Amino acid sequence: MRLLGLRRGTELLRLSGVAEYHTSYRVLGGLSDEKKDLIHNGPDLQDFISGDLMDKNVWSDYKGNLKRQKGERLRLPPWAKTEIPMGKNYIECLTPDFRGDKKAVETIASSGLDVYAHNVETVPALQRQVRDPRANFEQSISVLKHAKYVRPDIVTKTSIMLGLGESDEQVYDTMTALREAEVDCLTLGQYMQPTKRHLKVEEYVTPEKFKHWEKMGNELGFLYTASGPLVRSSYKAGEFFLKNLVEKRKTKAI
């Protein structure tokens with residue numbers, strides 16, 4: 001994975017036809033050479049798809065729609081992988097938002113965790129449709145920020161589901177807001193409808209678009225961006241990368 005400059009990142013967005021984005025957000029400091037090296041230790045998009053990303057013939061026979069039409073249920077596209085890379089050797093906890101209770105956040109963050117994970121789930125505009133009405137984007141951001149405030153050395157992580165009807169501009173703005181909140185790691189995965197009672201899939205996101213978001217995540221300064229069809233919040237965002245990062249931070253503390 002190659003880190004691109006902010007100007008080059010904006011140019012990529014324009015060239016890809018995503019949108020004309022404004023970059024008035026706070027520009028964060030560049031990653032250290034050590035952290036740049038660690039990024040290379042994590043899986044990339046190829047680990048989360050079936051077939052070779054460069055070989056379009058693998059998917060050329062798929063005639064199904066990627067965006068849902070009214071009254072339709074989308075078929076699973078052929079690039080969706082059935083096995084997810086797993087790993088171990090560090091402590092990660094996926095937490096609720098505790099309804100904004102900062103004392104509860106402090107208790108968990110101070111419990112000896114290596115990675116504090118809490119999911120924003122989707123872009124701000126779709127929060128009320130997708131999440132429990134007691135949850136919201138601002139509250140989730142405050143949880144992640146407070147965990148980092150309590151433990152500056154802790155790795156914070158969140159996840160976004162794609163395919164719920166969000167626009168590219170909304171995804172980019174959400175990623176920017178997360179990075180401004182100093183979230184370290186981000187996972188982006190395809191939303192799958194678990195039962196008929198749940199929200200329908202509005203779009204199947206292509207591998208190329210997942211690759212695009214991986215690049216944008218690295219450009220914005222996330223320590224690690226896991227982006228692919230079957231990336232999940234339960235996937236411990238870049239097992240190999242996070243394991244090395246945690247070990248190096250522990251060594252420095254000693």
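Just so you know, residue 1 is the first one in the sequence shown, and it goes up from there. None of the values given here were measured: they were computed from a predicted structure.
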Are the side chain of [X] and the backbone N or O of [Y] linked by a donor-acceptor pair below 3.5 Å?
X: Asp184; Y: Lys157; value: no
X: Arg151; Y: Leu113; value: yes
X: Glu92; Y: Val115; value: no
X: Glu166; Y: Leu164; value: yes
X: Ser227; Y: Lys211; value: no
X: Thr174; Y: Val123; value: no
X: Gln170; Y: Ser167; value: yes
X: His118; Y: Thr95; value: yes
X: Tyr191; Y: Leu199; value: yes
X: Arg179; Y: Gly221; value: yes

* Given the rule in the side chain to side chain contact (heavy atoms under 4.5 Å, CB included) test, do Tyr224 and Val155 qualify, once you have shown the distances and angles that lead to the verdict? -> CA-CA 11 Å; Tyr224 185 81; Val155 176; over 6 Å; no
Heavy-atom closest pair, residues [X] and [Y]:
X: Gly165; Y: Glu202; answer: N-CB, 3.7 Å
X: Ser159; Y: Thr187; answer: OG-OG1, 2.8 Å
X: Val183; Y: Leu144; answer: CG2-CD1, 3.9 Å
X: Val130; Y: Met161; answer: CG1-CE, 3.9 Å
X: Gly163; Y: Val205; answer: N-CG2, 4.1 Å
X: Ala147; Y: Thr156; answer: CB-CG2, 4.4 Å

* Is Lys209 paired with Asp168 through a side-chain N to carboxylate O contact shorter than 4.0 Å? -> yes
* To do: Considering only NZ, NE, NH1 and NH2 on the basic side and carboxylate oxygens on the acidic side, decide whether Lys103 and Asp101 come within less than 4.0 Å.
  => no
* When you look at Ile160 and Leu162, which way does the side chain to side chain contact (heavy atoms under 4.5 Å, CB included) test go after all the steps? -> CA-CA 6 Å; Ile160 302 172; Leu162 302 181; 4.0 Å; yes
* Asked: Can you tell if the side chain of Tyr204 reaches within under 4.5 Å of the side chain of Met192, non-hydrogen atoms only?
  -> yes
* Side-chain heavy atoms under 4.5 angstrom apart, residues restricted to Ile, Leu, Val, Met, Phe, Trp, Tyr: same cluster for Val150 and Val143? -> no
Going from [atom1] on [X] to [atom2] on [Y], what distance comes out if it is rounded to the nearest 0.5 angstrom?
X: Leu186; Y: Met216; atom1: CG; atom2: CE; result: 13.0 Å
X: Glu219; Y: Tyr172; atom1: CD; atom2: OH; result: 6.0 Å
X: Ile108; Y: Leu94; atom1: CD1; atom2: CG; result: 11.5 Å
X: Lys148; Y: Ile154; atom1: NZ; atom2: CD1; result: 8.0 Å
X: Leu188; Y: Met175; atom1: CG; atom2: CE; result: 5.5 Å
X: Glu180; Y: Leu220; atom1: CD; atom2: CG; result: 9.0 Å

* **side chain to side chain contact (heavy atoms under 4.5 Å, CB included) assessment of Tyr116 paired with His146** => CA-CA 11 Å; Tyr116 189 107; His146 195 63; over 6 Å; no
* To do: Would you sort out whether Gln190 and Val201 count as a side chain to side chain contact (heavy atoms under 4.5 Å, CB included), showing the intermediate values?
  => CA-CA 9 Å; Gln190 173 70 55; Val201 176; 3.8 Å; yes
